[in-house]
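Only one structure is covered here, and it is reproduced in the block below.
Residue numbers start from 1 in every chain, and the chains themselves are labelled A, B, ... in the order their sequence lines are given, proteins ahead of strands.
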Amino acid sequence: MSNAMNKIMGRYTGWARINGESKVAPFVVLLLAVTVLASACNLLLPAGSMFYVSTYTITLLGKYLCYAMLALAVDVIWGYCGILSLGHGAFFALGGYAMGMYLMRQIGDRGVYGNPELPDFMVFLNWNELPWFWQGMDQFWLAMLMVLLVPGVLAFVFGWLAFRSRVTGVYLSIMTQALTYALLLAFFRNEMGFGGNNGLTDFKDILGFDLQADSTRVSLFIITALLLCGLLILSKKIMQTRFGKVIVAVRDGESRARFIGYRTEHYKVWLFVYSAMIAGIAGALYVPQVGIINPGEFSPVNSIEIVIWVAVGGRGTLIGAIIGAILVNYAKTKFTAIMPDGWLFALGAMFVLVTLYLPKGLMGLLSQLQGDKQPTAPVDTPLANDNREQKSEGQA
Amino acid sequence: MSVLETTREVMRRDQVWPFLQDNETQVDISHQVLLYVEGLNLSFDGFKALNDLNLYINDGELRCLIGANGAGKTTLMDVITGKTQCDSGTVYFGQSINLLNKDEAEIAQLGIGRKFQKPTVFEAHTVMDNLELSLKSNKRVLPTLFASLTGEEYDRIDEVLETIGLKGERMLLAGSLSHGQKQWLEIGMLLMANPRLLLVDEPVAGMTIQEGERTAELLTSLAGERTVVVVEHDMEFVRSIARTVTVLHQGSVLAEGSMDDIQNNQDVIEVYLGEAP
């Protein structure tokens, strides 16, 4: 009995330490320092220098940061509210498509067919005029609005229907998975008007800046880093308000929260919308850096991968999600270069190992190591805490 | 339903149309009765959980509900608090507020607090945060996002911490409290909202004798100012707190009265106390 109590308590003391002690400020400073350093090494140093950072690396780092932002979105909803979304890839891809449409319209008459109005794939399909949803997408502000609105509205409608009917747990996960799969199939169709199988690509410039230029690449990278930091701080702040406390309360005891007077479905819907918008922004930043968006981004496997990044980093920590996304994607880049076929096995193995031995992810490991060194645990003596954490691991 | 019946139902003279009703209705207790439960029926797959149940709770009363497993005690609480829809019957809070067309959150905001059988507190939050979340405040999304504790609210939290005896534990995580302390914290969370009616489901289950005594004191001190309905199995505990006891059996009320009346009631002895020596 006391053993069981210890296990339970261990789990929650762990939570408190993660929530209370992981400060975002040092992490933000570190992230920005690396960004500035890498950018400077790319722009200021000659290509032959030992410290030169290639533009390829800059783009790669930018891509990792977009993934980190996506992981942040999933952590907000999964780590804090306990809603396991296996469909966040859909919001990411929708944001990406909105940006892609803007970039397609910027090509103008420089396309293969030289049509000033229609993108190449429409000319190829013998279309004569722009579909209504492509109208106005050559305006940057409208495209950016769509980056937020399309994922936001989809999340609102989906969330409103699902949460109001009190769909929770694994059923909700399956529905989100079905959502992204349905969108995958829809976007594969040429008739949808989004380039079908090939998606949108062959972008030339953004706001008049050449997408291939080093300075544009570096700017995009810096903008991504800044937005990531901003969203990290904003999310942390939101989670510290009473709204954030209600969100955690919904995770730990939804019916209790309802019986003290909170309409939990409203809270869940708005958090879901917020999370989907972050994912949309991540997608919009991803597309100009990678240079293509196609229906493959809707693939259910992608969405599952995001969850693994968050689990590796440690859910409910925000910073952990970012670290997890960067590390796993770095590993993916390295691993697929050495053994392309083995990556999915490695990913699966990583997920199993993390679930078995690091239920709180890398951030949990970190706080455990810190706990060993300095007795800062707010709840109990450090000794008791360590015993408990070991037990809680054994339990998983 | 025929057209005539529908018209009659719509034109009922004892009711005001819903859209004409005042949303901010005060609980009207001019007849000293706080809760009316009448003709409640509910069946799950043919099993009648509630069978024409009638129950009236007076304002300021401390009432105990007893009954064997499956007698419908918890189901009754589920229906009152909006968790379960009943098949037929009426539940009124005061003279005018119909509880059956409201959801859990609305009912909670009207001032009906419920304690679960198993202590449910927000384990990842501190005792203080648990109480803060339970404050009587605007619980819509935006006001909650920008809410902060005022001095008065802070005092209120202190007051409740005093009542439930957890003053020293305010910064502890609720998950690290003992079982009994969690039960008290949950009662404290109900008190934060300043409820008129408290529905307490098995408050002393799993408590030591001392803890049980303290809980009994706490509940009796609450009655009078608030109305308390307690569901309990522990007969000693019921005897120590109850003035009026209602016995439920197979979804309806079998007997009602003081503890002594109940113990001498022939029906009750037959179906419930009969097994005891």
* Carboxylate-amine/guanidinium proximity below 4.0 Å for B:Lys83 and A:Glu254 -> no
* Anything in residues 185-203 of chain B with a heavy-atom distance to chain A below 4.5 Å? Please list those residues in order. => B:Glu186, B:Met189, B:Leu190
* Do B:Asp103 and A:Arg263 come within less than 4.5 Å of each other through their side chains, counting heavy atoms only? -> yes
* Minimum heavy-atom distance between B:Ala124 and A:Asp252, given as atom pair plus value -> CB-OD2, 3.2 Å
* Measure the OH-CG distance between A:Tyr267 and B:Leu145 for me, rounded to the nearest 0.5 Å. => 9.0 Å
* Structure fact -> CZ (A:Arg256) and CZ (B:Phe122) are apart, to the nearest 0.5 Å, by 7.0 Å
* Of all residues at least two apart in sequence or in a different chain, which pass the ring-ring contact (aromatic ring centres under 6.0 Å, His included) check with A:Tyr274? -> none
* Asked: When rounded to the nearest 0.5 angstrom, what is the spacing between CD in B:Glu106 and CZ in A:Arg258?
  -> 13.5 Å
* chain A contacts, top residue of B:Ala105, B:Gly82, B:Ala174, B:Ser137 (heavy-atom pairs, under 4.5 Å) -> B:Ala105
* **Electrostatic pair A:Arg242:B:Asp129 at N-O distance under 4.0 angstrom** => no
* What closest approach, in Å, do A:Gly261 and B:Ala108 show between heavy atoms, and which atom pair accounts for it? -> N-CB, 3.5 Å
* Asked: With only heavy atoms counted, which part of B:Leu135 is less than 4.5 Å from chain A, the side chain, the backbone, both or neither?
  -> side chain
* To do: Please report the C-alpha distance between B:Phe146 and A:Phe243 in whole Å, then the side-chain angles of each, then the deciding distance to 0.1 Å, and finally whether the ring-ring contact (aromatic ring centres under 6.0 Å, His included) criterion is met.
  => CA-CA 8 Å; B:Phe146 297 106; A:Phe243 174 85; 9.7 Å; no
* Asked: Looking at B:Ser134, B:Pro143, B:Gly113, which one has more heavy-atom pairs under 4.5 Å with chain A than the rest?
  -> B:Ser134
* Which distance, rounded to the nearest 0.5 Å, do you find between the NE2 of A:His266 and the NZ of B:Lys139? -> 15.0 Å
* Tell me, side chain or backbone of B:Asn130 under 4.5 Å from chain A's heavy atoms, or both, or neither? -> neither
* Structure fact -> Assert top hit (heavy-atom pairs under 4.5 Å, partner chain B, pool A:Ala249, A:Gly253, A:Ala257) equals A:Ala249
* Has the side chain of A:Tyr262 got a donor or acceptor atom that lies under 3.5 Å from a matching backbone atom of B:Leu133? -> yes
* Asked: So what's closer than 4.5 Å to chain B heavy atoms on A:Thr264: side chain, backbone, both or neither?
  -> neither
* Is chain A contacted by the side chain of B:Ser148, its backbone, both, or neither, given a heavy-atom distance below 4.5 Å? -> backbone
